[in-house]
2 protein chains.
Amino acid sequence: MSVVPIKKAPEPTIRRLPDYYHYLKWMQSNGREVVSCTHIARDLDLDPTQVRKDLAVTGIRGKPKVGYLVTPLIESIENFLGWNNLTDAFLVGAGSLGTALLGYQGFKQYGLNIVAAFDKDKRKIGKKIHGKEVLPLDKLPGLAERMHILIGVISVPAESAQAAADVMVEGGIRAIWNFAPVSLDLPEDMVVQNENLASSLAVLSRQLAEAVK
Amino acid sequence: MSVVPIKKAPEPTIRRLPDYYHYLKWMQSNGREVVSCTHIARDLDLDPTQVRKDLAVTGIRGKPKVGYLVTPLIESIENFLGWNNLTDAFLVGAGSLGTALLGYQGFKQYGLNIVAAFDKDKRKIGKKIHGKEVLPLDKLPGLAERMHILIGVISVPAESAQAAADVMVEGGIRAIWNFAPVSLDLPEDMVVQNENLASSLAVLSRQLAEAVK
DNA sequence: TTTCAATCGAGAAATATTTATCGATAAGAA
DNA sequence: TTCTTATCGATAAATATTTCTCGATTGAAA
């Protein structure tokens with residue numbers, strides 16, 4: 001009965017939004033001021049109607065014969081994805097993957113700011129990685145609560161992932177970006193995204209097998 | 001008219017296969033010999049029928065009342081995904097992401113073996129990263145052809161990605177795993193998987209926004 | 001001013017994917 | 001042996017997503 005301000009969009013659409021975003025940023029840096037779905041579709045190898053529907057979920061409206069104004073469209077996507085303001089996050093697992101994630105500056109562009117790293121390995125604790133100190137894992141709940149951290153990144157081996165997730169839940173974290181290849185057992189109201197390099201590789205392998213058969 | 005040995009499976013199914021695979025490996029290491037879709041579904045939070053259909057694409061057959069034998073099921077998935085034998089790959093872009101990918105031992109489990117890295121930056125050329133020498137980019141086509149390399153990994157910044165892809169095409173590479181946030185313009189018969197961290201982050205951001213609204 | 005072409009937005013149709021239903025089968029208990 | 005239960009495989013139904021169609025709108029050219 002209540003008005004729902006955030007209507008749910010299809011996941012495939014949300015997944016394509018960053019592609020549009022990068023494309024539009026590119027257009028913008030080239031001085032382009034307007035762009036139509038037809039062109040976006042051609043360049044990104046998609047269906048024009050699909051592009052139109054995808055962009056529509058962000059609330060933007062285009063003009064017939066012209067298309068969309070690039071800058072407002074970018075803002076609309078940023079706003080829809082919450083990429084216009086930084087959200088602080090904690091990372092657990094300062095191994096090679098964790099180190100790479102800590103060093104990747106690009107996340108800021110996507111509204112994610114990893115402010116601290118945690119590990120249970122005493123040899124790693126105290127070290128600085130890309131300017132961020134590695135803290136003992138048992139400090140996470142207290143700090144997360146105090147700093148109102150909402151997002152956690154898990155980059156530990158599969159066998160430690162559930163424990164890392166539990167600590168995050170304890171600290172009041174609401175969303176987990178999980179790079180470990182396991183499915184986490186979490187309370188209903190938690191949000192999870194499993195980042196699965198294996199999945200993409202699976203699709204690639206399969207398509208390659210079909211292509212060279 | 002010809003018999004097609006490799007039937008095409010839905011992409012969502014292929015993407016879930018690695019999850020089953022990891023789960024089954026875990027079951028196997030726990031000494032489990034049989035497992036049913038019902039159990040897999042419960043543990044992985046999926047629909048039992050969906051699990052059954054997914055596994056069926058790999059060609060396995062289960063037994064009523066029992067389920068599937070774990071080991072043959074694992075082999076069936078490995079076989080379907082081509083993970084039972086290593087495919088050599090080249091990587092272009094020895095920056096921080098490239099370094100992380102070169103250091104990640106897990107890919108071997110997924111049939112991918114990165115054997116060499118390439119970069120156009122002279123300061124990086126000649127260096128060894130995780131035991132693999134960084135070679136000049138212009139050597140790629142010749143080497144790829146000679147070594148019959150089929151898979152290329154792109155971990156360069158967005159603006160260099162198309163050039164990297166072109167070099168790969170020139171060297172006869174057939175499948176590209178693209179970590180740069182751009183859509184590549186490639187010949188029809190090339191296979192591409194865009195690995196988009198931004199996509200997952202987009203979904204995570206959106207779900208978090210909905211959850212805390 | 002009128003005509004034309006490009007594009008949007010909305011809704012319909014087509015396709016893909018997920019979920020439900022049901023008869024058949026196999027293992028173990030009665 | 002017969003009954004019961006868990007599960008499979010196949011098919012049908014439901015849902016989600018993509019693609020198509022078409023009238024309306026806008027800007028630019030005639």
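Here the structure is a predicted model, which is why all the values come from computation and not from measurement. Every chain is numbered from 1, with letters handed out A, B, ... down the list of sequences.
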For atom CG of B:Asp121, is the number of surrounding heavy atoms from other residues, nucleotides or ligands below 6.0 Å larger than 12?
yes
Over 12 foreign heavy atoms within 6.0 Å of NZ, B:Lys63
no
Side-chain touch B:His130/B:Tyr104, heavy atoms, less than 4.5 angstrom:
no
Got a donor-acceptor contact below 3.5 angstrom from the [X] side chain to the [Y] backbone?
| X | Y | value |
| --- | --- | --- |
| B:Ser76 | B:Pro72 | no |
| A:Ser155 | A:Gly93 | yes |
| A:Asp47 | A:Thr49 | yes |

Please report, rounded to the nearest Å, how far the [atom2] atom of [N] is from the [atom1] atom of [X].
| X | N | atom1 | atom2 | value |
| --- | --- | --- | --- | --- |
| A:Leu69 | D:dG27 | CG | C1' | 14 Å |
| A:Glu11 | C:dT18 | CD | P | 11 Å |
| B:Arg15 | C:dA16 | CZ | C1' | 16 Å |
| B:Asp45 | C:dT18 | CG | P | 14 Å |
| B:Lys8 | C:dT15 | NZ | P | 13 Å |
| B:Leu55 | D:dT7 | CG | P | 14 Å |
| B:Lys65 | C:dA27 | NZ | C1' | 6 Å |
| A:Ile14 | D:dT18 | CD1 | P | 12 Å |

Of all pairs that satisfy ring pair (Phe, Tyr, Trp, His ring centres under 6.0 Å), the ones with a partner from residues 154-177 of chain A, not counting sequence neighbours
A:Phe107-A:Trp177, A:Trp177-A:Phe179
Within residues 18-32 of chain A, the residues having a heavy atom closer than 4.0 Å to DNA chain C are none
Nearest to the side chain of B:Thr38, heavy atoms from C-beta on, is which of D:dC8, D:dC20, C:dT19?
D:dC8
Quick note, A:Pro64 side chain, CB onward, closest among C:dA26, D:dT18, D:dT26 is D:dT26
B:Ser36 side-chain N/O to D:dT7 phosphate OP1/OP2 under 4.0 Å
yes
Distance check: side-chain N/O of B:Arg42 vs OP1/OP2 of D:dT7, anything under 4.0 Å?
no
Parallel, tilted or perpendicular: which fits the ring planes of A:Tyr21 and A:Trp83, with parallel below 30° and perpendicular above 60°?
perpendicular
Using a 4.0 Å heavy-atom cut-off, write out nucleotides 9-14 of chain D from 5' to 3' as B (base contacted by protein), S (sugar-phosphate only) or - (no contact).
B-BB--
Taking atom types as modelled and ignoring hydrogens, do the side chains of B:Gln162 and B:Asp166 form a donor-acceptor contact shorter than 3.5 angstrom?
yes
